[in-house]
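In what follows, a single structure is set out as structure tokens and then discussed.
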Amino acid sequence: MPTPARLESFIAAVEGGAHAKAIEDYYTEDATMRENQAEPRRGRSTLVAQESAVLERTESVVPTCVRPVLVNGDHVAIHWIFEFSFKGGGKMRMEEIAWQRWEGERIAEEQFFYDPAQKKPA
């Protein structure tokens, strides 16, 4: 179970724009991440590489944690809004719920729930 300070530190890292670094610092080595019902991506290095690839295509990303964050033991639910501006133009607003299972002070599993129609840039 994450301590309140550790969870707030994670949220601050994401809101501060350190997306790939947050994965390095807050996820277990064998962590999994999945989008809706897709097959999970496995391993922290894979997750960092995927996040870095997404960030390479963006001019900027503005993340916002919508409070409250829900915590029940090792499970955490975070409501996020991401505003993307892409290189070469285009914007996208992504609203999602991140459902996480923590092992101690690190995230072991994360699943995102969102409407895939949001993935079409404006």
Side-chain angles (χ1 to χ4, degrees):
M1 173 169 56
T3 63
R6 179 72 170 170
L7 183 54
E8 287 301 321
S9 177
F10 168 72
I11 292 168
V14 175
E15 286 187 322
H19 302 267
K21 180 82 168 113
I23 294 170
E24 291 173 356
D25 293 346
Y26 293 90
Y27 289 67
T28 63
E29 187 175 333
D30 61 345
T32 63
M33 188 182 284
R34 69 191 294 185
E35 311 288 324
N36 288 326
Q37 300 301 313
E39 282 297 311
R41 297 182 297 278
R42 299 182 184 281
R44 185 170 53 214
S45 60
T46 299
L47 304 181
V48 169
Q50 173 72 25
E51 191 69 18
S52 296
V54 169
L55 294 172
E56 279 295 313
R57 298 190 311 264
T58 65
E59 199 65 48
S60 67
V61 181
V62 178
T64 303
C65 173
V66 180
R67 308 273 179 175
V69 174
L70 305 177
V71 180
N72 185 0
D74 290 337
H75 290 90
V76 174
I78 304 174
H79 180 180
W80 290 107
I81 297 173
F82 294 92
E83 302 277 349
F84 293 88
S85 294
F86 295 100
K87 293 177 180 174
K91 296 183 182 292
M92 179 177 71
R93 181 180 189 273
M94 187 80 164
E95 188 167 354
E96 66 186 19
I97 301 296
W99 177 249
Q100 303 169 335
R101 184 180 63 78
W102 288 65
E103 288 180 357
E105 295 291 302
R106 291 185 174 266
I107 300 163
E109 297 175 16
E110 186 168 45
Q111 183 170 1
F112 302 107
F113 295 93
Y114 57 85
D115 178 354
Q118 297 177 99
K119 291 188 112 176
K120 295 178 181 168

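The figures that follow rest on heavy atoms only: side chains count, while hydrogens, waters and symmetry mates do not. Along the sequence shown, residues carry numbers from 1.
- We find the CD-OG distance between E24 and S45 to be 10.0 Å, quoted to the nearest 0.5 Å.
- Across all non-hydrogen atoms, the minimal contact from L55 to A20 is CD1-N, 4.3 Å.
- With hydrogens and angles disregarded, a donor-acceptor distance shorter than 3.5 Å links the side chain of R106 to the backbone of D25.
- Under the 30°/60° scheme for interplanar angles, the aromatic rings of W99 and H75 are found to lie parallel.
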Please table the atom pairs, donor to acceptor, closer than 3.5 Å between any side-chain atom in residues 67-74 and protein atoms at least two apart or in another chain.
unit_1: R67; atom_1: NH1; unit_2: E8; atom_2: OE1; d: 3.3
unit_1: R67; atom_1: NH1; unit_2: E8; atom_2: OE2; d: 2.8
unit_1: R67; atom_1: NH2; unit_2: E8; atom_2: OE1; d: 2.9
unit_1: D74; atom_1: OD1; unit_2: M1; atom_2: N; d: 2.7

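- Here L47 contributes atom CG and E29 contributes atom CD; the two are 11.5 Å apart, rounded to the nearest 0.5 Å.
- K87 places a side-chain N or O within donor-acceptor distance of the main-chain N or O of E56, the cut-off being under 3.5 Å.
- Taking both residues in full, the closest heavy atoms of T3 and E105 are given as N-OE2, 3.1 Å, listed atom of the first, atom of the second, then distance.
- No donor-acceptor pair closer than 3.5 Å links the side chain of R101 to the backbone N or O of E109.
- At distances below 3.5 Å, at least one donor-acceptor pair connects side-chain atoms of S52 with backbone N or O atoms of V48.
- At least one donor-acceptor pair closer than 3.5 Å links the side chain of N36 to the backbone N or O of Y114.
- Under a 3.5 Å cut-off, the side chain of R34 and the backbone N or O of Q37 do form a donor-acceptor pair.
- Taken from CZ in F10 to CD1 in I78, the straight-line distance is 5.0 Å, to the nearest 0.5 Å.
- The distance from the CD atom of E59 to the CZ atom of F86 is 11.5 Å, given to the nearest 0.5 Å.
- When atom types are taken as modelled, the side chain of Q118 and the backbone of E95 share a donor-acceptor pair closer than 3.5 angstrom.
- Looking at E110, its side chain never comes within 3.5 Å of a backbone N or O of A98 through a donor-acceptor pair.
- Residues P2 and Q100 form no side-chain contact, since every pair of their non-hydrogen atoms from C-beta on lies 4.5 Å or further apart.
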